[in-house]
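All of these numbers come straight from a predicted model, not from anything done at the bench.
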Amino acid sequence: MNKRIVDILKTDPPKEISVSGWVRSFRGNRFISLNDGSCLASLQVVIDSDKLPHELVSNLNNGASILATGRLISSQGSGQSVELQAEEIKIYGKSSQEELQKTILQPKRHSLEKLREQGHLRMRTNLFGAVFRIRHHMAYAINKYFNDNGFFYIHTPIITGTDAEGAGETFRVTTLPVGKNNIDNSKDFFGKPTHLTVSGQLEAELAALALGKVYTFGPTFRAENSNTTRHLAEFWMVEPEIAFADINDDINLGEEFLKYLINYALTNCKEDLQFLNDRANKEESQLPKDKRNELSLLERMNMVTENDFERITYTEAIDILLRSKPNKKKQFKYEVAWGVDLQSEHEKFLVEKHFKKPVVIVDYPESIKAFYMKRNDDGKTVAAMDILFPGIGEIIGGSQREERYDVLEQKCKEFNVPKDAIWWYLETRKFGTVPHAGFGLGFERLMMFVTGMNNIRDVIPFPRTPNNAEF
C-alpha cells in the first residue's frame with residue numbers, strides 16, 4: 001500500500017516513494033497539487049512533461065486520480081517542506097475537462113447549497129474534507145472516553161415499538177401494502193405498530209440497571225417536517241446512562257465529557273480547525289458587526305475548556321431573562337415567563353451575554369419535560385438539566401430518571417403514555433430499583449460547535465431532510 005500524504009509530509013527526505021491521490025491543480029505543465037484526503041495539505045508533485053507521453057500530460061486535469069512514483073526531496077519553493085520529484089505517473093481515472101466545468105471540482109468558490117447538491121463530490125473539497133475528518137476524530141473520542149471510564153457500549157434497536165419522547169413524530173415501519181385505510185396490525189411483520197427509533201434511552205436504562213454504566217451511539221429518526229438549519233430527519237445520538245447516580249452526577253459527567261471532546265479536537269485536529277477558524281473569520285468579516293460572532297471558533301472552543309460551567313435553576317434563568325435589557329426593551333421574539341420552554345434567543349443571551357461561558361440549567365417545570373424524568377419534592381419541577389453552549393444553545397439534555405414505580409406509573413397516565421407499551425420499562429422499578437441518570441448529546445450539534453458550520457446539513461455526510469433523501 002502506498003504511503004498517505006499526511007505521513008509523507010512528516011518524512012525526512014530523501015526517500016523513494018509512491019503516492020496515490022486526486023489532482024487538485026496542474027500548473028505550467030510541471031507542478032501537480034495532489035491530495036489523498038488524509039489531511040488538509042496537498043503534496044506538490046513535480047514532473048518533467050517532456051519526458052512523459054503527451055497524452056498522459058494532457059489528462060492531468062482537476063479530479064483525475066493518479067499514482068506518482070519518484071524521489072521525495074526538500075522543497076525548492078515556499079509553502080511546503082517536501083515535494084516529490086516524479087519519475088513515473090500512472091493515471092487511474094481520467095477527469096473529463098468538459099464535464100468538470102459542471103461540477104464543484106472546478107478551482108473556484110462555490111456556495112454551500114451548491115456543494116450540498118453535489119454531495120457525491122463535496123467531500124473532495126478542502127472544507128468538507130476538514131469537516132468529515134473532524135467528525136471521525138469526534139466519533140473516536142466519544143468511544144475512547146467511555147471505554148477509558150468504564151462504560152459498556154450497548155447497541156439499542158433501530159426498530160422499536162416505543163416512542164421514548166412521546167412526541168409522536170416517528171417514521172412507521174411496515175411490510176403491509178401502502179394505501180390501506182384499515183390496517184390490521186396483527187398481520188404486520190412484528191404483529192404490532194413499529195417505527196424507527198427516536199432514542200435509545202429507555203433500552204439503555206435497562207442495560208445500566210444491570211451493568212452500571214453504559215452508553216449508546218447510533219442513528220435516530222424524527223419525522224418532523226422542518227427545514228431549519230438545526231433539524232435533520234436522521235441524526236446520531238450519544239446517550240450514556242449511569243446507575244446509582246443523581247442529577248448532580250449527571251451534570252458532572254456531561255461537563256467532563258464535553259471538555260474532553262473539545263480538548264481532543266483541539267489537540268488532534270489542529271490543521272483542520274485552523275482552516276475552519278480562518279474561513280469563518282473571513283466569512284464573518286463581510287457581515288454587519290451586529291451579525292458577527294463575538295468570539296472566533298477557536299476562542300469559543302477555549303471558552304468551554306477553560307471555564308467551569310455556570311449552574312443555575314430554571315427559575316433563576318427566568319428571573320435573569322425577565323430583568324434583562326432585551327426583555328425590558330421587548331427585543332426578545334418569544335415571551336419570557338415561568339412555565340414556558342426557553343428559546344434559542346434566551347439561551348444565547350444567558351451563555352454569550354450574561355455569563356459568557358457554558359451554562360447548565362436544572363429543575364425545569366414538569367409540564368415541559370418528558371414523562372421519565374424524576375419529580376422533585378416541590379411537585380412542580382423535575383430533575384432535568386440542559387447544557388447550553390455558545391453559538392449552539394442546548395447541546396446536551398438529560399435528567400435523573402424517575403426510579404419510583406408508583407410515581408412513574410402515575411406520570412405515564414398524566415402524559416398519556418400507554419402502560420402496555422412500556423410494561424418492561426416499568427417493571428425494572430420492581431426489582432432492585434436505584435437512582436439513575438443519563439443524557440443525550442446530539443452528535444451533529446457537537447459537530448456544528450467544533451467546526452463552526454452554521455447548517456446541520458453540512459456536518460453529516462448524507463443529510464436526510466423533508467423532500468431530500470439523495471445519495
Side-chain angles (χ1 to χ4, degrees), residues 138 141-154 199-201 204-205 207-217 237-267 300-317 342 347 350-351 354-364 369-370 372-377 381-390 392-403 433-443 445-446 449-450:
M138 289 294 89
I142 286 165
N143 287 298
K144 178 173 171 55
Y145 173 85
F146 285 126
N147 180 73
D148 292 351
N149 285 277
F151 283 74
F152 297 105
Y153 187 12
I154 301 297
S199 169
Q201 177 206 313
E205 281 189 54
L209 293 173
L211 302 175
K213 297 197 295 186
V214 304
Y215 73 104
T216 75
F217 182 16
M237 286 285 287
V238 183
E239 297 174 292
E241 290 289 328
I242 42 177
F244 307 102
D246 62 16
I247 188 64
N248 292 314
D249 297 314
D250 203 31
I251 295 170
N252 292 339
L253 174 64
E255 180 170 349
E256 181 183 283
F257 179 50
L258 287 169
K259 286 183 174 179
Y260 175 89
L261 296 178
I262 305 306
N263 270 317
Y264 191 93
L266 289 168
T267 301
R300 293 195 297 274
M301 293 176 75
N302 285 317
M303 175 207 272
V304 170
T305 61
E306 294 170 1
N307 287 287
D308 292 334
F309 293 7
E310 187 71 31
R311 303 185 184 194
I312 59 173
T313 66
Y314 169 88
T315 300
E316 290 169 336
L342 297 180
E347 296 171 344
L350 291 168
V351 174
H354 189 80
F355 289 111
K356 297 186 183 298
K357 59 180 177 177
V359 176
V360 185
I361 300 179
V362 297
D363 297 340
Y364 280 82
K369 289 296 182 180
Y372 51 74
M373 297 186 177
K374 184 178 177 69
R375 179 176 286 161
N376 289 328
D377 293 340
T381 63
V382 287
M385 67 92 171
D386 287 344
I387 299 181
L388 313 180
F389 261 25
I392 295 294
E394 180 195 333
I395 194 166
I396 274 181
S399 72
Q400 184 173 341
R401 314 312 190 187
E402 182 55 76
E403 83 274 12
T433 189
V434 300
H436 60 288
F439 60 74
L441 164 67
F443 186 46
R445 288 279 182 95
L446 172 70
F449 181 76
V450 297

Between [atom1] of [X] and [atom2] of [Y], what distance do you get to the nearest 0.5 Å?
X      : Y      : atom1 : atom2 : answer
Lys357 : Glu306 : NZ    : CD    : 12.5 Å
Ile361 : Leu388 : CD1   : CG    : 4.5 Å
Asp249 : Phe244 : CG    : CZ    : 12.0 Å
Asp386 : Ser399 : CG    : OG    : 10.0 Å
Leu253 : Ile242 : CG    : CD1   : 5.0 Å

Student check: side-chain heavy atoms of [X] and [Y] closer than 4.5 Å:
X      : Y      : value
Arg401 : Glu241 : yes
Ile262 : Phe449 : yes
Phe309 : Phe389 : yes
Ile392 : Val351 : no
Val304 : Asn263 : no
Arg445 : Leu441 : no
Glu402 : Tyr372 : no

Pairs meeting criterion salt bridge (charged side-chain N to carboxylate O under 4.0 Å, His left out) with involvement of residues 252-265, two or more places apart: Glu255-Lys259, Glu255-Arg311, Lys259-Asp308

All pairs passing salt bridge (charged side-chain N to carboxylate O under 4.0 Å, His left out) where residues 434-443 contributes a residue, at least two apart: none

Under 6.0 Å between ring centres, would you say that holds for Tyr145 and Phe257? yes

How about CZ on Phe152, more than 12 heavy atoms from neighbouring residues, nucleotides or ligands closer than 6.0 Å, or not? no

Which atom names give the shortest non-hydrogen contact between Ile247 and Met385, and what distance separates them? CD1-CG, 3.8 Å

Exercise: identify the closest heavy-atom pair between Met301 and Ala265: CE-CB, 3.9 Å

Can you list the steps and then say if Asn376 with Thr381 is a side-chain hydrogen bond (donor to acceptor under 3.5 Å, both in side chains)? CA-CA 6 Å; Asn376 289 328; Thr381 63; 2.8 Å; yes

Once side chain to side chain donor-acceptor pair (under 3.5 Å) is applied, do any residues pair with Thr315, and if so which ones, sequence neighbours excluded? Trp338

